[in-house]
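Values in this document were obtained by computation on a predicted structure and should not be read as measured data. The basis for the numbers below is simple: all heavy atoms, side chains too, and nothing from hydrogens, waters or symmetry mates. Both counts, for ligands and for their atoms, begin at 1 and track the order of listing.
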Amino acid sequence: MSSTINPSLHFDNRWLRELPGDPEPRNFIRQVDRAAWSHAPATPVANPALLAHSAEVAGLLGLSADALTTPEWVGALAGNHRLPGMQHYATCYGGHQFGHWAGQLGDGRAIYLGEAIAQNGLRWELQLKGAGATPYSRNADGRAVLRSSVREFLCSEAMHHLGVPTTRALSLVGSGESVMRDMFYNGNPRAEAGAIVCRVAPSFTRIGHFELPAARGDHALLRQLVAFTLSRDFPHITHGDEIERIGAWFAEVCARTGELIARWMSVGFVHGVMNTDNISILGLTIDYGPYGWLEDFDPGWTPNTTDAEGRRYCFGRQPEIARWNLERLAIALRPLLPDDTLLTQGLQRYDASYGSSTTALFAAKLGFPGWRDEHGPLLERLFELLFHSEADMTDFFRRLGELTVAANAGSALPLLAESSYAPERWAMQAQGWREWWQQYIALSAFPQVGAGDTAIAASLKRAERMHAANPRYVLRNYLAQQVIEQAEAGDPTGIHELLDVLRRPYSEQPGRERFAEKRPEWARHKAGCSALSCSS
Ligand code: AMP
Ligand code: MG
């Protein structure tokens with residue numbers, strides 16, 4: 001069968017081959033000890049239909065988009081059958097949830113298809129999210145609803161195109177079955193459309209994979225997992241003995257996470273559930289649940305209603321929480337190291353990487369050729385003003401790049417004020433904005449008009465440079481909700497159009513201005529547009 005569908009997709013399932021598996025072949029919920037994975041056959045669905053796919057991800061795998069529409073592939077992407085080389089399994093991990101050790105979690109509704117080797121030799125893990133219960137499903141059903149699947153599918157691809165490291169999404173398949181969910185956790189479950197996303201990443205390994213054997217005192221499995229990860233996912237770390245390699249690996253995880261969080265902060269992304277089981281060791285954004293995009297700039301904002309009380313995972317705390325999560329990984333690795341020296345050094349790499357990535361990204365967003373210390377207070381003050389003025393983060397920065405080199409406070413500030421959701425609150429900050437503008441100009445935010453360059457040419461150059469750092473299109477919460485409602489009514493074309501817009505987030509797309517509009521008033525408090533629960 002495979003030769004007619006796709007001659008090049010070859011599987012090499014190293015996780016299964018090289019790590020200890022759970023000997024139990026039956027699929028029932030249990031604690032799994034001394035094993036890194038369990039058999040987890042997907043539960044077939046009634047009526048699978050391909051609702052959307054990513055041509056780019058198909059391309060990474062060497063698949064044609066046409067191949068994906070064949071019944072063989074649609075069935076495989078629904079979990080109804082396996083193509084040659086595919087194996088269905090779930091992996092065992094633990095995690096800290098909302099700051100507390102939660103014990104075994106594991107892939108409760110993600111079932112691996114295996115590790116595909118593309119023609120260029122790159123390895124991609126494929127997972128079906130929502131394909132049925134596994135030994136790790138605890139008290140849940142292993143299914144996913146269409147609304148959260150659309151959100152994961154679109155955001156994975158949107159983040160990639162924004163330049164933010166992320167797991168990818170190959171396909172969105174409607175299951176033709178319904179799933180019962182209590183969306184608001186208020187005792188009113190209802191039947192919702194079910195769906196399955198096939199997600200793709202070089203590795204889905206999380207901090208929680210190491211925490212669980214460490215917490216159980218299973219140092220043999222812990223050591224094996226680390227050695228496997230070094231060999232499969234970090235083959236470039238070859239220098240030194242085992243201890244040095246583990247130290248170098250940890251430092252690299254920290255550095256990658258630092259860059260990731262800086263990128264989230266620069267585009268206004270709030271993950272929403274930064275539990276250690278949702279933190280990738282490759283520094284990828286992983287597990288899209290009740291995430292959201294900052295609209296009015298509020299560091300205390302979280303899209304996750306489950307976290308509304310403590311706001312542990314709000315926008316402004318993400319850098320601190322990421323470090324806390326890396327400290328959990330450090331604690332898990334302790335049994336493998338003679339002392340904490342390398343772990344402490346690794347955590348310092350997080351601080352350094354987060355710091356340097358943030359300053360580079362925000363220098364670019366402000367239009368400075370590089371970061372200087374004087375920019376720090378300017379940025380701090382800007383954050384305060386944006387907050388007090390209820391300004392839309394994405395819209396504000398895009399407007400900043402649009403200003404001409406001839407702009408003065410009188411012409412620039414009214415244009416920037418358009419980014420506010422509350423003009424009266426902007427007006428209350430008028431004096432602050434004028435002072436900020438003077439400082440911004442004083443720090444040479446505008447290039448000198450060089451000899452032979454007109455003011456217009458200089459402005460265009462500035463805009464081009466700044467627009468590359470300030471997206472025009474992000475997956476605004478209300479935009480996702482609109483295409484979800486359309487898809488729930490049976491029409492997935494809105495997903496395709498939105499995906500296409502999000503493919504070029506930094507470019508002007510004539511005719512598609514509506515996708516860049518600030519959140520409309522009706523969406524301010526609407527479920528799905530402003531706040532989400534974990535129910536998915
Ligand atoms: P999350 O915070 O969404 O990443 O989920 C935490 C844990 O709950 C993970 O181990 C998931 O696999 C599991 N989980 C979440 N939703 C479901 C579901 N519908 N069925 C089975 N397991 C689930
Ligand atoms: Mg998770």
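In terms of modelled atom types and a separation under 3.5 Å, the side chain of E115 and the main chain of R14 share a donor-acceptor contact. A donor-acceptor pair is defined here as one N or O able to donate and one able to accept, closer than 3.5 Å; such a pair exists between the side chain of S280 and the backbone of L282.
Scanning all protein heavy atoms for the shortest distance to atom 12 (O) of ligand 1 gives G108 N, 2.7 Å. The single protein non-hydrogen atom nearest to atom 18 (C) of ligand 1 is A140 CB, 3.4 Å, given as residue, atom name and distance. The protein atom (non-hydrogen) at minimum distance from atom 8 (O) of ligand 1 is R138 NH2, 2.6 Å.
Looking at every heavy atom in both residues, S149 comes nearest to L172 through CB-CD1, 3.6 Å.
Contacts between Q104 and ligand 1 below 4.0 angstrom, taking non-hydrogen atoms only, are absent altogether. Here Q97 has side-chain heavy atoms under 4.0 Å from ligand 1, and that is the only part of it that gets that close. Residue L105 touches ligand 1 through backbone and side chain together, judged by heavy-atom distances below 4.0 Å. Contacts between D277 and ligand 1, counted as non-hydrogen atom pairs separated by less than 4.0 Å, involve the side chain only.
Using cut-offs of 30° and 60° on the angle between ring planes, the pair W293 and F269 is perpendicular. Note: H236 and F234 have tilted aromatic rings, judged against thresholds of 30 and 60 degrees for the angle between ring planes. The aromatic rings of F297 and F383 sit parallel to each other, their planes meeting at less than 30°, with 60° as the upper class boundary.
Residue N275 places no N or O, backbone or side chain, under 3.5 Å from any N or O of ligand 1. Considering backbone and side-chain atoms together, D141 places an N or O closer than 3.5 Å to an N or O of ligand 1. Of the polar atoms of G106, at least one N or O is found under 3.5 Å from an N or O of ligand 1, judged by distance alone. In terms of polar-atom proximity, R109 is counted as a contact of ligand 1, with an N or O under 3.5 Å from an N or O of the ligand.
Taking the six-membered ring for Trp and the full ring otherwise, W15 and H209 have centroids separated by under 6.0 Å. Ring to ring, F250 and F210 are not that close: their centroids are 6.0 angstrom or more apart.
Closest to atom 1 (P) of ligand 1 by heavy atom, among N278, T306, V273, is N278. Across the listed options G208, G142, C534, G142 owns the non-hydrogen atom lying nearest to atom 20 (N) of ligand 1.
Near D287, meaning under 4.0 Å from one of its heavy atoms, ligand 1 places the atoms 4 (O). Ligand 1 places these atoms under 4.0 Å from at least one heavy atom of R181: 19 (N).
For D287 atom OD2 and N278 atom OD1, the angle they make at the Mg ion (ligand 2) is roughly 80°, to 10 degrees.
R151 forms no cation-pi arrangement with Y288, by the criterion of a distance under 6.0 Å to the ring centre and an angle within 45° of the ring axis. Judged by the 6.0 Å distance and 45° axis criteria, R312 is positioned over the aromatic ring of W324.
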